[in-house]
Amino acid sequence: DPAVLWEHLGMLDLRDYAAGWARKRQWYAHQGYVEGRDLVWTSEVDGLDAAKVDQVIVAVKARLGID
């Protein structure tokens, strides 16, 4: 069964938070997660981009075989 992890990164503008995400992103990659397939993420650095969120939703639904 396909699975998708979706991370929402609400505070990437904070240095420590961003550094933590960089480490976590590497960990995901080492575990075999592929961004855009098994791992998707959204952020609010320049405000929440509803169009980008919609794109992520479409991609996740396609990956999971949901109409």
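Hydrophobic clustering (ILVMFWY, side-chain heavy atoms < 4.5 Å, transitive): Leu9 and Trp27 are in one cluster. In this structure, Ile66 is a member of the same hydrophobic cluster as Val53, with clusters built from ILVMFWY side-chain heavy atoms closer than 4.5 Å. Clustering ILVMFWY residues whenever any of their side-chain heavy atoms sit less than 4.5 angstrom apart, transitively, puts Val60 in the very cluster that holds Leu48.
Glu44 has its side chain within reach of His8: a pair of non-hydrogen atoms, C-beta onward, lies under 4.5 Å apart. With a 4.5 Å cut-off on side-chain heavy atoms, Glu35 and Tyr28 do not count as touching. Put simply, the side chain of Val4 reaches to within 4.5 Å of the side chain of Leu64, judged on heavy atoms. Within the 4.5 Å cutoff, the side chain of Asp49 has no heavy atoms near those of the Gln55 side chain.
A donor-acceptor pair under 3.5 Å is formed between the side chain of Tyr17 and the backbone N or O of Gly10.
Taking CG of Asp46 as the start and CG of Asp13 as the end, the distance is 9.0 Å to the nearest 0.5 Å. Interatomic distance, Leu39 CG to Tyr33 OH, rounded to the nearest 0.5 Å: 8.5 Å. In this structure, the separation between OG1 on Thr42 and CH2 on Trp6 is 5.5 Å, given to the nearest 0.5 Å. Here the CG atom belonging to Leu5 is positioned 11.0 Å from the CD atom belonging to Gln31, to the nearest 0.5 angstrom.
Using modelled atom types and a 3.5 Å distance limit, the side chains of Trp21 and Glu7 yield no donor-acceptor pair.
Residues Asp38 and Gly32 share a closest heavy-atom pair of OD2-O, 3.7 Å.
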